[in-house]
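Encoded as structure tokens, the structure appears first; notes follow it.
The chains referred to below are lettered A, B, ... by the order of the sequence lines, with proteins before strands, and numbering in each begins at 1.
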2 protein chains.
Amino acid sequence: MTKKVLLKDIAKKAGVSTALVSYVLNGLEKEKRVGRDVVEKINKIAKELNYQPNQIARSLRSGKTKTIGLIIADISNPFSGQIARFIEGEAARLGYTVIIGSTDENSTKFSSLIDSMLYRQVDGLIMAPAEGSSQKIKKLVKEQVPFVFIDRYFPGISANHVVLDNYEATYNAVNYLIAHGRKNICLIIYKTLAVHMQQRILGYKHAMKDNGLEDNIIVKEIPRRSYFQVKADTEKNMDELFADKKMDALLFAANALSISGLYAIRKHKIKVPDELAVIGFDGHEVFDFFEPPIAYIKQPLEEMGTEAVRILVEQIKGVKKTVHTEVKHQFISRESGG
Amino acid sequence: MTKKVLLKDIAKKAGVSTALVSYVLNGLEKEKRVGRDVVEKINKIAKELNYQPNQIARSLRSGKTKTIGLIIADISNPFSGQIARFIEGEAARLGYTVIIGSTDENSTKFSSLIDSMLYRQVDGLIMAPAEGSSQKIKKLVKEQVPFVFIDRYFPGISANHVVLDNYEATYNAVNYLIAHGRKNICLIIYKTLAVHMQQRILGYKHAMKDNGLEDNIIVKEIPRRSYFQVKADTEKNMDELFADKKMDALLFAANALSISGLYAIRKHKIKVPDELAVIGFDGHEVFDFFEPPIAYIKQPLEEMGTEAVRILVEQIKGVKKTVHTEVKHQFISRESGG
DNA sequence: TAAGTTTGCTTAATCGTTTAAGCATACATT
DNA sequence: AATGTATGCTTAAACGATTAAGCAAACTTA
């Protein structure tokens, strides 16, 4: 790259010190009592030379990088991608740049991503923590790194988070199915102790119980691995499920599970919703194309993303209060629901 | 955040100067002839205090941030997301961090993203340039900013790029359709002069001509706008197309066009491939779920992403040679192809 | 023994900003 | 005339690392 224009260059050309130039370009000309003509001269020269301050130098001096670290499961997944997009947008609006890293739900990767981001002096973090990361998180809390959880959180740790009303989401979905005459509703969910998933299970179970259907509870747990693996595991589980035919509705508790399940339903040529009502999670174009279109629980991604950024920026600015935000799901009613 | 451990702290504790500490921690102990016992002491203390060098200070001194700027159309789009993922992975492997920005195909946003990234002193850029950005790009060339185009490029500008063999991709797809008995093949493409799209048009036209079908050429151009708009525009165009029934095959030249087109095909209840053969672009789960599954032209995203990073890092390290990489498409044959 | 070499360390400049502190000069006040 | 106070600027330290240059002391060599 060709040599950059520095404060010094402007100062030299204007015949003043760099301090004055800095004051003027940072809008401190009143406070620092800079002469009218000098202000004009400096502004003119800065524009002429197309001066851009070096953010690195600025960061070193100020201790702030105006950078946010975003740690998610996998940026190539549309759910993560969309939320990243909203986060990026809101961050830019507030003058922040975003660095993204994907964990693959692996706590080692998660940990080293955090290190590498702190190492780069990010001002704060927004993250969907991988399981088994609570030790790392406790360190962040102790070191007072500003951060916000998104989508998930750890129950024992008091930290900011923005999450879905997971319990209500499945509770309502189950009630919808029951209201449409379904009784044998199976929940397909990841095998994990993560709170957000446990909430979804609980919402399902309570809804079943509240309708006197506690004996009909069926939960199928799929290990959380690569997308490819999840698809295979889901298919196997579905094969078993379809074998005993008792079931008349399926509720998926996560996006990739929904897609995987739909592959299986399609393979078995199950008639939806006649034989089986289906409710998916998170939304996907595949839901539109399925015959019939799939009803689903929708997360307000834009709200979650922007809210997370706002909370984080508050924290970065020194607000101490811990914020727990629960956003409301939306139920997208479609034919598949029964 | 609590106070960080500095070189100075280690130096003080070890009773030596910061220079020695820096030498040791950077593995220069041999070259700089540091005493054995001092080396050990420094390493021990650094480990004890869990020292992490401040990258900002390092960057200011070295002029290198070990950061790559990635500018794409829209990170929430799976195509962009996947490529971003591969880029992120390869960059991390080479010690680089990635900053991502989305242009929405808007040249103003594109330009300000570049500014903001340079402003943050990225070492180089990987980008899918928006149309109408050639002036901005020429400046980058003049200022010798290392960069690599991905997916697209500007013909008048000699710069590094990694792109698909766009011409061959459509040429072969058309031949496939013709070999399967289709004669009235319509190409659905974005209305743009961008080279990569023009190459796809050319591949289509030449294939038609080479098979004596130049009189059957039909190209429908869809303005490139928001995804929502594209869907509406495509639907309108398809309505017209289906009205005159002459067509027996459709070739989509981009991913969003394919999805949009499939919505229309579905709406019109066209029988694929009996009434109409269909070939999509880029791949998508929707292609799997469509009845029948949609054949498509697949881009080797991993190869494109990693290759782009490698080329960029070479450039950052000072290699002057301009690299043009054309990666090979893959044709995924499915029932929809005829 | 004098000169040269090796060893092991320190000093201080540097990267490009920001900003506290200080220094003239001009003007106002008594 | 002496003092106070705006006004308008400069100087230099600081951020946290890297690294060229230099300085002693110990050891070789002729």
Side-chain angles (χ1 to χ4, degrees), chain A residues 1-43 45-46 49-67 118-123, chain B residues 1-43 45-46 49-67 118-123:
Chain A
M1 315 200 193
T2 51
K3 67 211 166 306
K4 304 242 169 150
V5 178
L6 309 180
L7 267 196
K8 211 165 40 173
D9 302 326
I10 300 179
K12 192 179 286 176
K13 201 157 183 186
V16 298
S17 70
T18 60
L20 270 199
V21 180
S22 173
Y23 292 145
V24 170
L25 298 184
N26 286 300
L28 301 177
E29 64 252 27
K30 294 266 178 280
E31 192 185 335
K32 297 294 178 174
R33 303 167 321 211
V34 184
R36 288 195 159 281
D37 42 349
V38 174
V39 171
E40 273 178 35
K41 195 195 246 177
I42 289 174
N43 279 324
I45 296 178
L49 301 183
N50 185 31
Y51 170 73
Q52 299 293 11
N54 181 319
Q55 282 301 317
I56 298 296
R58 208 175 239 186
S59 295
L60 179 59
R61 176 66 219 234
S62 67
K64 298 276 162 210
T65 53
K66 287 278 190 174
T67 301
L118 292 182
Y119 190 75
R120 289 193 134 80
Q121 312 294 122
V122 295
D123 291 342
Chain B
M1 314 200 195
T2 49
K3 67 210 166 306
K4 306 242 169 152
V5 179
L6 309 179
L7 265 197
K8 210 166 41 174
D9 302 326
I10 300 179
K12 191 179 287 175
K13 201 158 182 185
V16 298
S17 71
T18 61
L20 270 200
V21 180
S22 173
Y23 292 145
V24 171
L25 298 183
N26 286 300
L28 301 177
E29 65 252 26
K30 294 266 177 281
E31 192 184 336
K32 297 293 178 176
R33 304 168 321 213
V34 184
R36 288 195 159 280
D37 42 350
V38 175
V39 170
E40 272 177 35
K41 196 195 244 177
I42 289 174
N43 278 324
I45 297 177
L49 301 183
N50 186 29
Y51 171 72
Q52 299 292 11
N54 181 318
Q55 282 301 316
I56 299 296
R58 211 176 235 185
S59 295
L60 179 59
R61 176 66 220 236
S62 68
K64 297 279 163 207
T65 54
K66 287 279 190 172
T67 302
L118 292 182
Y119 188 76
R120 289 194 134 80
Q121 312 295 122
V122 295
D123 292 341

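Contact between A/Tyr23 and A/Val34 at its shortest, heavy atoms only, is CB-CG2, 4.4 Å. Of all heavy-atom pairs between A/Ile56 and B/Arg120, the closest is CD1-O, 4.1 Å. What you find for A/Leu118 and B/Lys4 is that their closest heavy atoms are O-NZ, 3.9 Å. Taking both residues in full, the closest heavy atoms of A/Ala14 and A/Lys41 are given as O-NZ, 3.5 Å, listed atom of the first, atom of the second, then distance.
Here CD1 of A/Ile10 is found 9.0 Å from CG of A/Asn43. Values are rounded to the nearest 0.5 Å.
More than 12 heavy-atom neighbours from other residues, nucleotides or ligands sit within 6.0 angstrom of CD on A/Gln52.
Taking atom NZ of residue A/Lys30 and atom P of nucleotide D/dC9, one finds them 13 Å apart after rounding to whole Å. The CD atom of B/Glu40 sits 16 Å away from the C1' atom of C/dG8 (whole-angstrom rounding). Computed from coordinates, the A/Ile56 CD1 to C/dT14 C1' distance equals 16 Å when rounded to whole Å. Between the NZ atom of B/Lys64 and the P atom of C/dG16 there is a distance of 13 Å, rounded to whole Å. The CD1-P distance, from B/Ile42 to D/dA17, rounds to 14 Å in whole Å. Atom CD in A/Glu29 sits roughly 15 Å away from atom C1' in D/dT7 (whole-Å rounding). The CG atom of B/Asp37 sits 10 Å away from the C1' atom of C/dG8 (whole-angstrom rounding).
A donor-acceptor pair under 3.5 Å links the side-chain atoms of A/Thr65 to the main chain of A/Gln121, judged by distance alone. Of the possible donor and acceptor atoms, none in the side chain of A/Ser22 sits under 3.5 Å from a partner among the backbone N and O of A/Thr18.
Two end axes, each from the C1' atoms of five base pairs, can be drawn for the helix from C/dT1-D/dA30 to C/dT30-D/dA1; they diverge by 60°, to 10 degrees.
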Scoring nucleotides 17-26 of chain C by protein non-hydrogen atoms under 4.0 Å (B base, S sugar-phosphate only, - none) yields BBBB------
